[in-house]
Amino acid sequence: MRMMILALVLFALCGVVMAASPLPYRLPSAEEQVARKRQLLDWGRRWLVQYGRPFDEMAPNYPENVPFPVGDGTANTLYLFAQGREAEVRRAVEAMAKLGPWEKQYGIFQGPAMMELWFRYRDMLSDGTRAHLLKEIEKISEPGERLWGCCDTNCAGGNWGFCSAAGVGLAGEILNDELRLARGKYALKLALDQIRRYGTITEYNSPTYYGPSFAGLAAISTHAKDAEFRDMARAIQAVLLAQSLTAYHPPTMQVSGPWQRCYHQDVYGGPSAMKALLYPYLPEALYMDQAHQWQFPSMVGACSHMMQGAVQDVYFPAWLGMFLTDRNTPWALRMTSHVPKITDRRGLGTEYPESDINVDIYQTPVYTFGSASYVFHNGAHAETPWLSWSVKAPVRGLGDFKNGFFRMLHHDALVEGGDNESVFGKTSPGYILWNEGRKFAYQHENRAILFAHPDRLVTEATRLGLSFFATELGGDGVDEIYIPPSLLTRSRCCCETAVFTWHCCRCPAMTTSARRPRWKSAAPRRSICRSAFSTTRGRGVR
């Protein structure tokens with residue numbers, strides 16, 4: 001009951017705001033939103049055709065240095081059914097059926113995709129194809145199946161919970177099954193309870209997982225007949241969008257960290273699920289360059305995010321525009337999240353207790369800086385502290401802004417992992433998703449203190465390091481990084497790969513790195529080490 005009060009209060013606020021005349025918050029017109037969604041679809045489709053598997057066949061020019069993608073059936077399905085023609089929709093249903101239970105369980109993301117196929121295109125399908133899809137919907141939502149189990153406390157406030165709520169709850173409406181519908185509603189009530197208790201969800205502000213999370217929520221708010229089910233999905237979307245828009249930094253066109261759960265491509269500021277989610281609705285279209293995506297194994301996922309943003313109908317009321325206009329700087333956001341106990345299964349195992357998370361974001365016209373006091377899942381999936389700063393405004397290229405983030409590293413000689421354990425067991429040089437510990441930061445305005453706790457991976461560890469990475473894609477070199485001269489012990493290039501070069505300045509307490517991609521003729525640049533972190537504009541974060 002109390003959870004529903006939150007939703008009712010939120011919608012009452014919506015009513016008051018909408019009753020005022022007129023809203024001074026400029027958002028794109030309905031026609032412009034449609035045009036931007038078409039642009040997202042075209043980008044994702046072109047990239048998937050060029051480098052992915054649009055029709056279950058490897059593209060002829062697929063990069064040799066990128067592992068073959070696994071589990072990209074959802075991207076293929078979105079590409080197909082977004083075309084809106086009977087032949088493509090039929091192929092999408094067949095692709096979904098082929099995906100089916102993989103290793104005896106359905107994929108989490110299949111729930112929202114199946115729902116969109118059913119509600120948008122069922123009348124276009126032949127009797128046989130429609131019966132086939134209905135059978136898949138019945139099976140994926142069965143009690144005891146994977147999605148059913150994810151409609152519970154273990155997945156609340158994360159993408160699994162939202163996708164499962166759509167897959168199970170909407171299946172309940174399709175099949176006239178009250179038990180399934182109640183299960184889906186229960187999953188959303190758990191997420192609303194997190195917001196009511198703590199202020200936001202477990203996987204807050206995620207550049208990656210807001211894609212599938214909003215796919216599930218948008219499917220519910222668009223197609224659900226049950227008013228309570230639909231209103232809960234709308235309330236959650238409004239709260240999360242208000243928070244993300246508050247964290248958005250127009251000068252850099254970045255949604256500021258910190259965040260819980262993301263992947264490798266998100267630290268560079270290119271396409272992401274978050275950007276695709278916001279792209280149709282922002283007053284000024286986000287910069288969505290894809291020039292660097294070919295280097296990363298996750299590029300098929302980025303294509304899927306773009307197409308997801310093109311085909312879903314997010315609940316985005318016009319009053320959300322007030323979080324983007326008339327900002328007085330400095331602009332600040334503070335919120336709280338909560339995470340369950342996590343026991344790391346790698347190496348010797350490390351237990352991280354259940355805890356609240358204090359989140360702070362501080363913005364000026366030049367930079368955005370954010371920190372979180374605790375992390376969830378693993379250290380590489382949670383960015384804290386996070387820094388983005390503007391080199392040129394408005395952003396028109398990858399060199400017009402920079403992002404800065406931290407990684408914790410084990411060993412002196414194994415900075416890139418080597419044979420050391422790492423997240424997902426990856427040991428290929430150049431994969432900076434690695435992070436052998438958790439970072440904890442406490443922030444006041446534009447200053448933060450950072451602590452790091454190493455994972456218990458190996459007993460023979462001889463050294464621990466903390467590295468700061470500054471992205472430099474298409475720019476004019478890395479800005480100066482200052483370290484007190486008394487702490488500096490040596491400076492050398494610690495590692496070089498076919499794609500990236502690290503230039504490190506080391507001190508007993510930390511390692512500071514400037515990271516630059518090596519294009520065909522790019523010469524590596526050294527960072528300059530002095531006394532404290534700063535940007536070239538002299539408005540540093542210390």
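Values below: all heavy atoms of this structure, side chains included; hydrogens, waters and symmetry mates excluded. Being a predicted model, the structure only gives us computed values, none of them experimental.
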Peer 1: Supply the atom-to-atom distance Asn205 CG to Leu240 CG, rounded to the nearest 0.5 angstrom.
Peer 2: 9.5 Å
Peer 1: Taking side chain as C-beta onward, heavy atoms only, is His338 less than 4.5 Å from Thr202?
Peer 2: no
Peer 1: Can the ring centroids of Phe369 and Tyr362 be said to lie less than 6.0 angstrom from one another?
Peer 2: no
Peer 1: Got a second to check how far Tyr209's OH is from Ser272's OG, nearest 0.5 Å?
Peer 2: 13.5 Å
Peer 1: Looking only at non-hydrogen atoms, find the nearest pair between Pro283 and Leu27 and report the distance.
Peer 2: CD-CD2, 4.3 Å
Peer 1: State whether a side-chain donor-acceptor pair under 3.5 Å links Gln39 with Tyr279.
Peer 2: yes
Peer 1: Who passes side chain to side chain donor-acceptor pair (under 3.5 Å) against Thr200, sequence neighbours left out?
Peer 2: Gln243
Peer 1: Among side-chain atoms of Ser206 and Gln260, is any donor-acceptor pair under 3.5 angstrom?
Peer 2: no
Peer 1: State plainly whether the residues Asp313 and Arg120 are in salt-bridge range, i.e. N to O under 4.0 Å.
Peer 2: yes
Peer 1: Just by distance, with hydrogens left out, do Ser221 and Gln237 show a side-chain donor and acceptor under 3.5 Å apart?
Peer 2: yes
Peer 1: Walk me through it: do Val314 and Leu241 pass the test side-chain contact (heavy atoms from CB on, under 4.5 Å)?
Peer 2: CA-CA 10 Å; Val314 171; Leu241 285 168; 3.9 Å; yes
Peer 1: Would you say that Cys150 contacts Ile108 through its side chain, given a criterion of any heavy-atom pair below 4.5 Å between the two side chains?
Peer 2: yes
Peer 1: Distance from Met253 atom CE to Lys275 atom NZ, nearest 0.5 Å?
Peer 2: 8.5 Å
Peer 1: Looking at Met306 and Ala276, what are the two nearest heavy atoms and their distance?
Peer 2: CA-CB, 4.0 Å
Peer 1: Which atom pair, heavy atoms only, marks the closest approach of Gly167 to Ser141?
Peer 2: O-CB, 3.8 Å
Peer 1: Kindly compute the distance separating SG (Cys163) from CZ (Arg146), expressed to the nearest 0.5 Å.
Peer 2: 10.5 Å
Peer 1: For Glu383 and Phe406, which heavy atoms make the closest approach, and how far apart are they?
Peer 2: OE1-O, 4.2 Å
Peer 1: Let's go through Leu40 and Met307 carefully: what are the C-alpha distance in whole Å and the side-chain angles of both, what is the deciding distance for side-chain contact (heavy atoms from CB on, under 4.5 Å) to 0.1 Å, and is it a yes or a no?
Peer 2: CA-CA 6 Å; Leu40 285 173; Met307 292 184 287; over 6 Å; no
Peer 1: Less than 4.5 Å apart, any side-chain heavy atom of Leu245 and any of Val255?
Peer 2: no
Peer 1: Tell me which pairs pass side chain to side chain donor-acceptor pair (under 3.5 Å) where either residue lies in residues 121-135, with sequence neighbours left out.
Peer 2: Ser126-Thr129, Asp127-Arg130
Peer 1: Under a 4.0 Å threshold between the charged nitrogen and the carboxylate oxygen, would Arg91 count as salt-bridged to Glu86?
Peer 2: no
Peer 1: Is any side-chain heavy atom of Leu324 closer than 4.5 Å to a side-chain heavy atom of Tyr281?
Peer 2: no
Peer 1: Using the six-membered ring wherever Trp is involved, compare the ring planes of Tyr374 and Tyr352 and label them parallel, tilted or perpendicular (cut-offs 30° and 60°).
Peer 2: perpendicular
Peer 1: Set out, in order, the CA-CA distance, both residues' side-chain angles and the distance that settles side-chain contact (heavy atoms from CB on, under 4.5 Å) for Phe119 and Ile174, then state yes or no.
Peer 2: CA-CA 9 Å; Phe119 286 107; Ile174 294 170; 3.8 Å; yes
Peer 1: In terms of ring plane angle, is the pair Trp386 and Phe405 parallel, tilted or perpendicular, where the classes change at 30° and 60°?
Peer 2: parallel
Peer 1: Measuring only between side-chain heavy atoms, which start at C-beta, is Leu278 closer than 4.5 Å to Tyr210?
Peer 2: no
Peer 1: Does either side chain, that of Asn403 or that of Ser388, offer a donor lying less than 3.5 Å from an acceptor on the other one?
Peer 2: yes
Peer 1: Do the side chains of Asp42 and Arg38 get nearer than 4.5 Å, heavy atoms only?
Peer 2: yes
Peer 1: Quick check: do His223 and Arg230 have side-chain heavy atoms less than 4.5 Å from each other?
Peer 2: no
Peer 1: How long is the straight-line distance from OG1 of Thr336 back to OH of Tyr204, given to the nearest 0.5 Å?
Peer 2: 10.0 Å
Peer 1: In chain order, what residues pass the side-chain contact (heavy atoms from CB on, under 4.5 Å) check against Glu173, with sequence neighbours excluded?
Peer 2: Leu170, Leu181, Ala224, Lys225, Asp226
Peer 1: Does any pair with a residue in residues 199-213 pass salt bridge (Lys or Arg N to Asp or Glu O under 4.0 Å), and if so which ones, sequence neighbours excluded?
Peer 2: Glu203-Arg261
Peer 1: Stepwise, does the side-chain contact (heavy atoms from CB on, under 4.5 Å) test hold for Thr246 with Ile361?
Peer 2: CA-CA 9 Å; Thr246 305; Ile361 294 174; over 6 Å; no
Peer 1: Name all pairs fulfilling the ring-ring contact (aromatic ring centres under 6.0 Å, His included) condition that reach into residues 143-183, sequence neighbours left out, sorted by first residue then second.
Peer 2: none
Peer 1: Search all heavy atoms of Leu188 against all heavy atoms of Ala233 and return the closest pair with its distance.
Peer 2: CD1-N, 3.9 Å
Peer 1: Can you tell me how far OG1 of Thr222 sits from CE of Met115, rounded to the nearest 0.5 angstrom?
Peer 2: 13.5 Å
Peer 1: May I ask you to test the Asp360-Leu333 pair for a side-chain heavy-atom distance under 4.5 Å?
Peer 2: no
Peer 1: Specify the closest pair of heavy atoms between Leu147 and Gly107, including all atoms of both residues, with the distance to one decimal.
Peer 2: CD1-O, 3.9 Å
Peer 1: Crowded around Arg334 CZ? As in, over 12 foreign heavy atoms under 6.0 Å?
Peer 2: no
Peer 1: Taking only residues two or more places apart in sequence or in another chain, which ones pass side chain to side chain donor-acceptor pair (under 3.5 Å) with Glu284?
Peer 2: none
Peer 1: Is it true that Glu145 and Lys139 have a side-chain N and a carboxylate O under 4.0 angstrom from each other?
Peer 2: no
